[in-house]
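The first residue in the sequence is number 1, and the count goes up from there.
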Amino acid sequence: MTATITVLGAGMVGSVIAEDLNASGFRVSVADVNNTALSRISERSMGAIGIHHIDCADAAAVTTCIESSDVVVGALPSWLGLQTLQTVIESKKPYCDISFMAEDPRELHELACSNGVPCVVDFGVAPGMSHLLCAHIAATLDSCSSLDIVVGGLPVERKWPWEYKAPFSPRDVIEEYIRPARIVEHGKVTTKPALSEVELIELPGVGTLEAFNSDGLRTLCDTLSVPNIRERTLRYPGHAEMMKRLRDSGFFSGTPIQCGGQTVVPLDMTAKILIESWKYEPREADLTVMRVSGEGVKGDTQVMMTYDLIDYYDGEADQSSMARTTGFPAASIARMLVDGTICTAGVHPPESFGGNTTVVQRILSELEERHVLYTKTMEPIQ
């Protein structure tokens, strides 16, 4: 019997997930409040993908929508992440989610266990593949002393004034610039300001980018026994300085101010302006670049084990790179929830599967089939 999968969220990533699962032969439907986005999905699939016009902020509406689903996939904004996770768990549906929720989703682990459902959270590109590969490197090495993630989504063409476009909500991007960055140093979790410790990095095929601290480790802060772990965001050089100026001048503040007799939240105003400035034009090319590296010992040799990703917009399918690299891993997890490869009840972050060779190799293989290639190297450290 063909499984039924509901994707919550009809944005760029949600549409890629839905199209990929539909191509795998499942009965797929997408739920969203945005009729334009839903119509686009329906038209692109020639009606093969069903649509549900609901407000996914309405937990009761979501519960009704997923009632007949075998598996649910979440591709909603971060502020809906935890609420939706709870709703799906209480509906007793297996779930894969890509939301970059501010909360720790593991607070719902016991609820998922008591309801007997597996829920895989944060499974996009970063967090997601970044966490999986960190755990896989740590499991492959005999001992691992450090893990480092650098990752970014960028427009292929650099345009004034920002030399940046946002593949998802500008507000979620701004969150990366204001939330203190947690890192692990010498076995202890510490925080550093976002946008701090800017470093220029040369990456083959891309050129010179800048890396700065961002709060991407999330559950990695306490799930791996590795003494040094950090994640940094990649942008074209100069971006961090521009964002610091906006942040330190109050443009990212959530405190209301009075302006022209009206109450205005600076962050809301800034995000509203940047929605237009950072929006990708139709068929505008983007790229995703990520390097996950780990230093440690294999046998009697000190080595560096690395996974590199460089991916570009797919013009033939008209799918952005960020949507592909985020959506395809989530779709792969959904297939494993359907066939029972992943079946243990509870809330599981991506690194939970790093030591599971079957899961890791299946995801990497399915990504390669979709031309998303992670290149692995292991070299001795001189």
Side-chain angles (χ1 to χ4, degrees), residues 1-32 41 45 48-52 56 62 65-76 80-81 84-85 87-89 91-101 105 108 112 115-129 131-132 317 319 322-353 356 358-370 372:
M1 185 176 178
T2 303
T4 298
I5 302 177
T6 300
V7 179
L8 303 175
M12 289 193 302
V13 178
S15 64
V16 166
I17 294 170
E19 290 173 4
D20 192 59
L21 292 173
N22 178 62
S24 297
F26 300 114
R27 288 193 300 269
V28 181
S29 60
V30 182
D32 203 295
I41 290 173
S45 69
I49 297 174
I51 57 175
H52 303 285
C56 291
V62 170
C65 179
I66 65 175
E67 188 174 5
S68 60
S69 304
D70 297 302
V71 167
V72 181
V73 182
L76 296 168
L80 280 175
T84 306
L85 175 61
T87 298
V88 176
I89 290 172
S91 298
K92 299 185 177 180
K93 304 294 181 180
Y95 189 47
C96 177
D97 176 50
I98 65 165
S99 173
F100 191 71
M101 66 185 81
L108 296 177
N115 279 278
V117 290
C119 299
V120 183
V121 294
D122 278 353
F123 218 105
V125 59
M129 291 301 296
H131 288 49
L132 178 78
Q319 293 176 335
M322 183 55 68
R324 287 160 37 80
T325 56
T326 303
F328 290 153
S332 186
I333 292 294
R335 283 186 284 271
M336 285 187 262
L337 289 170
V338 169
D339 65 26
T341 300
I342 295 174
C343 59
T344 303
V347 173
H348 309 292
E351 62 269 25
S352 304
F353 307 99
N356 187 326
T358 298
V359 171
V360 174
Q361 293 306 320
R362 179 168 167 183
I363 292 175
L364 290 173
S365 177
E366 290 186 0
L367 288 174
E368 186 173 357
E369 290 170 5
R370 290 152 179 80
V372 175

Is there side-chain contact between [X] and [Y], with heavy atoms separated by less than 4.5 Å?
X: Pro329; Y: Ser332; value: no
X: Leu337; Y: Cys96; value: yes
X: Met129; Y: Ile363; value: yes

For residues 120-127, run the donor-acceptor check on the side chains, cut-off 3.5 Å, and write out each pair with its distance to 0.1 Å, sequence neighbours left out.
from   : atom 1 : to     : atom 2 : distance (Å)
Asp122 : OD1    : Arg218 : NH2    : 3.3
Asp122 : OD2    : Arg218 : NE     : 2.7
Asp122 : OD2    : Arg218 : NH2    : 3.3

Residues two or more places apart in sequence or in another chain: which of them pass side chain to side chain contact (heavy atoms under 4.5 Å, CB included) with [X]?
X: Val16; answer: Gln319, Ala323, Phe328
X: Arg362; answer: Arg335, Met336, Asp339, Thr341, Glu366
X: Leu108; answer: Leu82, Leu85, Gln86, Ile89, Leu111, Val347

Quiz: residues 65-76 side-chain donor-acceptor pairs under 3.5 angstrom, not counting sequence neighbours:
from  : atom 1 : to    : atom 2 : distance (Å)
Ser69 : OG     : Thr6  : OG1    : 2.5
Ser69 : OG     : Ile66 : O      : 3.4
Asp70 : OD2    : Thr4  : N      : 2.7

Spatial distance of atom [atom1] ([X]) from atom [atom2] ([Y]) [nearest 0.5 Å]:
X: Asp32; Y: Ile41; atom1: CG; atom2: CD1; value: 7.5 Å
X: Phe353; Y: Thr344; atom1: CZ; atom2: OG1; value: 7.5 Å
X: His52; Y: Leu8; atom1: NE2; atom2: CG; value: 9.5 Å
X: Ser99; Y: Leu80; atom1: OG; atom2: CG; value: 8.0 Å

Test of understanding: with salt bridge (charged side-chain N to carboxylate O under 4.0 Å, His left out), list the residues that count as partners of Glu351, not counting sequence neighbours.
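Not a single residue meets the salt bridge (charged side-chain N to carboxylate O under 4.0 Å, His left out) criterion with Glu351.
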
Do you know the tightest heavy-atom contact between [X] and [Y]?
X: Ala112; Y: Ala345; result: O-CB, 4.0 Å
X: Asp20; Y: Ala331; result: OD2-CB, 3.3 Å
X: Pro94; Y: Lys92; result: CD-O, 4.1 Å

Using atom types as modelled and distance alone, determine if a side-chain donor or acceptor of Ser365 lies under 3.5 Å from a backbone N or O of Gln361.
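Answer holds: no.
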
Taking side chain to side chain contact (heavy atoms under 4.5 Å, CB included) as the criterion, tell me which of Val7, Asn22, Leu21 meets it with Ile49.
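Exactly one candidate clears the test, Asn22.
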
Looking at Glu368, I want to see if its CD is surrounded by more than 12 non-hydrogen atoms of other residues, nucleotides or ligands under 6.0 Å.
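Incorrect, the count does not exceed 12.
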
